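These numbers come from a predicted model, not from an experiment. Chain letters run A, B, ... following the sequence lines, proteins first and then strands; every chain starts at 1.
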Amino acid sequence: MLAVVQFPGSNDDRDMRFAFKAVLGAEARLVFHKASELPPDTRGVVIPGGFSYGDYLRCGAMAQYSPIMAAVKRFADAGGPVLGVCNGFQVLCESGLLPGALVRNHGLHFICEFVHVRVERAAAPFTSRVAAGDVLRIPIKHGEGCYYAEPGLLDELEQGGQIVLRYCEVDGSVSAAANPNGSVANVAGVRSARGNVMGLMPHPEHAVEPAFGGSDGIAILGSFADAVRSAV
Amino acid sequence: MSAAGGLREPRVDLALAHEHGLTTEEWGNVLEILGRTPTFSELGIFSVMWAEHCSYKSSKRYLKRLPTEGPQVIEGPGENAGVVDIGDGLAAVFKIESHNHPSFIEPRQGAATGVGGILRDIFTMGARPIASLDSLRFGPIEDPKHRYLLQGVVDGVGGYGNPVGVATVGGETQFHECYRGNILVNAFNCGVVEQDKIFLAKATGIGNPVIYVGSKTGRDGIHGASLLASAEFDEGSEAKRPTVQVGDPFTEKCLIEACLELMRTDAIVGIQDMGAAGLTCSSFEMASSGGTGIDLDLDLVPQREVGMTPYELLLSESQERMLLVARSGEEARVLEIFERWDLDAVVVGRVVEGGHMKVAWHGQTVVDIPVDPVAANSPELERQVVEPADLRERQKLDLAAVMPESDLGGALEALLDSPNLGSKEWVWRQYDQLVQGGTLIGPGGDAALVRVTREDGTPTDKALALSVDCNPRWCWLDPYQGAVAAVAEAARNVACTGAKPLALTNCLNFGNPEKPEIMWEFAEATRGLGDAARALDTPVVSGNVSFYNETSGRAIYPTPTVAVVGLLEPWQRHAVSHFTSVGRDVVLLGESREELGGSDWLALRRGLEAGLPPSVDLAHERALHALLAAGVAAGVIETAHDVSSGGLALALAEAALTGPEWIGAEIELDDPQRPDALLFGETTGRVVAAGAAAERLLDLAREHGVPARRIGRTGGDRLRIRPAAGEAWIDAALERLHHVWTNALPRRIGAAREE
């Protein structure tokens, strides 16, 4: 079972559940942030997008203190797969489960648009359905999605293969023009050193049906669903 | 009744009543209803309840004439929002509302709370809000103040709509000199509800608890409705900034989830949001429609500040608050759900017999007003109506004396580059257009198209088509025709997706109703709205009136904004407003008459706002709706794009430019009228359609009695429009047109940053 964590202010939680349940046929449930334990049959955790606690402080900063996050940390420490999207990515960075930070977009405005991202690393549990170099078309929608890691950390991430997705042109080339928010090295998604936690700013759950923005998001959510199924 | 001890309140008399905006006659009514002099709090209540914004005293007699019924209508005007049957036990709930005055004073918070307010109107009825539209009008973009207002309003719409998790899927943004002193911010929202879960604003069941939920009450927004929205602006208006409320989308998001969770139980009997005039209006309305009374204890109201007076508590317009009536004995269940969402929920009173609203504060009665007489005696004015003296002058246009366009290609570029017709991507890319996963067509199309999903997450084959429209220049030239055209265009936009227009909501933005010329505009516009709504079978199910959009004696153009909602089923077959493939036949539905009056071309290229706006043939519009629905369902129409501002040439350029890839077209127009009128005239009732089987489409058009002709074919990277014989009128590279069109706003706003 996939646990989709619902914080006050989460707003892509239902969309995430829809993508897993209705589109991918995976079992997924909303789990309220006040629970101190994940349901016993949890095989994967998703932290969805939104504005947890209103994001009135640094984005994602408050959510780490919700009771459920201690359980999510234990789950991740035990090797369980955890995926964070947009605000979920911010929450995972704030919680220390992922390296780096997300700051205000360079253009200062909130941006909602479809972008292209290149898969840098194809591996379970997040990108087993694609190959390195594949280009996915997935939307972003955020005001604070500029990924930052200091130079030493960035080197570490590059060398450790922790950068999973980069903003790119439609042909896969990585350029400044293709970088919507000023992220360092065009980073759109990273994983933990151990590889079981991943965060990304683009919203794969908004690209799971051809008529609704295409279905490239399935590459990521489908990989995750596969991993969760095989873990059962 | 005893005066409240310990309260230092002003002496209540006629002079103070006048300061509160009450007339001498209204003051007389207050004395008669109460049989005594009101307390200060009571005066405040009468002043908001009878202010233009809440009482509709100038507009009521005209609104009564609008068609509001039909088999599709479940709830018409009078509730928080209109409700329309969309089949299979589901209903669409929608409304549009103005937040003009606050947005001019404080653009970010004004617009944000406009969005918050309209969302509450929707979820109060039990519906989950699924899609927002915004109709925005500013003064000239060259004016730095209006660039500031534009940026502030867009920031406010996104800053509220994005966190609250409701997609903003369309709208309109326009600029005109007439809005220099008064901008318009009209917010629309549509939600979806199961028909057996619709909630009304009723206080019934004697002894039932009245529960206050949501944010604490502060001193913000006191007299927002009465002083801000019910009077003209002048130089001192900036000082009214404290009457603007502050929005908290996070609390609203929690409130949505908590209310919808609560509504799945059977614990509540009625619910009302605290909008204009806050606690006062909401409790009065609930008691009035329930035929009951309410006892309130203000000491129990959650308060943000200490030392608030009863007057302040009753009139505060603090945001994100609701009042609900629960079944007796269900208090614990209600409080538990709100506690789960960390929201205040407190029993503040009871439903009582006797039809009085009684308010206690520190153990004393500070308000005791009979409910019915306040509603029954709500003033209704018959204001004077006089046609503007210069109307005939405005309508004069001798087309023969208007110099023909010598550079048709240049004119197209100029139109694409104009702030009104240029791309609005700069605006809508700041809005979350995708949340809730239902967006089939987002901003930039004729109408937005949003899939309907049940509350349990099950998707349906239904989609709602939404469009908001108004051409204020046409309304200024002829308010009757302008209003008819607004309904026709919004409905046509909806029909272009393949959907059937169901009903409409309107936001009537006008100047000072105390002026007979303004009331004439209002009377004419509502007459037009009524006639068009009747003819197109799109009853008016909700709406709002915003008067006093006037500063230092200068009124806005009459702007009756109309939003139409339509149903498409199954959504799997729908048309888009751009060309979808190369080699498709392009067909023009409808006829082009030589109509340049009130056009964008005339205003932009000749500096003239004159003439009669194009007429509207409502029977033709209905036939067009049926044709579009049939053509889309049969798969012969893939593209359907309404011809409106900028005329046929602009519509063709938009169809070429707005798809995922640009697709040009080769167009031949065989028509003897003057080329500038043919290309840029704004004759209504026309649609640029494209599909793979032109013959079948032409046959279908004949069956529906809609004039149609094949005018060209898609393909290439140029838009070429030529007459039957002779050189091309327009031959433009799409790359060039796109550059001009997409930069229309950014290049002007960029200039703002350099200053």
Atom group of B:Asn162 that falls short of 4.5 Å from chain A, counting heavy atoms: both
Chain A interface, residue from B:Gly158, B:Cys254, B:Gly457, B:Gly438 that has the most non-hydrogen pairs under 4.5 Å: B:Gly438
Max heavy-atom pair count under 4.5 Å with chain A, selected residue of B:Thr439, B:Asp248, B:Leu440: B:Leu440
Residue of the set A:Val197, A:Val31, A:Val45 for which side chain to side chain contact (heavy atoms under 4.5 Å, CB included) holds with A:Val72: A:Val45
Ring-face cation of B:Arg451 near A:Phe212 (centre distance under 6.0 Å, axis angle within 45°): yes
Which of B:Pro459, B:Gly165, B:Pro163 touches chain A most, by non-hydrogen pairs under 4.5 Å: B:Pro163
Check ion pair B:Arg264-B:Glu194 (N to O, under 4.0 angstrom): no
Plane angle bin for A:His109 and B:Trp426 - parallel if under 30°, tilted between 30 and 60°, otherwise perpendicular: perpendicular
Side chain / backbone / both / neither for A:Phe32 at chain B, heavy atoms under 4.5 Å: side chain
Contacting moiety of A:Glu205, where chain B heavy atoms sit under 4.5 Å: neither
Test item: side-chain donor near acceptor, A:Asn181 and A:His142, under 3.5 Å: yes
Pairs of heavy atoms under 4.5 Å with chain B: top-ranked of A:Arg14, A:Lys141, A:Glu209: A:Arg14
For chain A, the option from B:Gln433, B:Arg429, B:Glu425, B:Lys253 that forms the most heavy-atom pairs under 4.5 Å: B:Arg429
Chain B interface, residue from A:Arg17, A:Lys34, A:His33, A:Glu113 that has the most non-hydrogen pairs under 4.5 Å: A:Lys34
Whether A:Phe224 and A:Phe20 hold their rings parallel, tilted or perpendicular, with breakpoints at 30° and 60°: tilted
Residue pair B:Arg128 / B:Val192, side-chain heavy-atom distance below 4.5 Å: no
Chain B contact via A:Asn11 - side chain, backbone, both or neither, heavy atoms under 4.5 Å: both
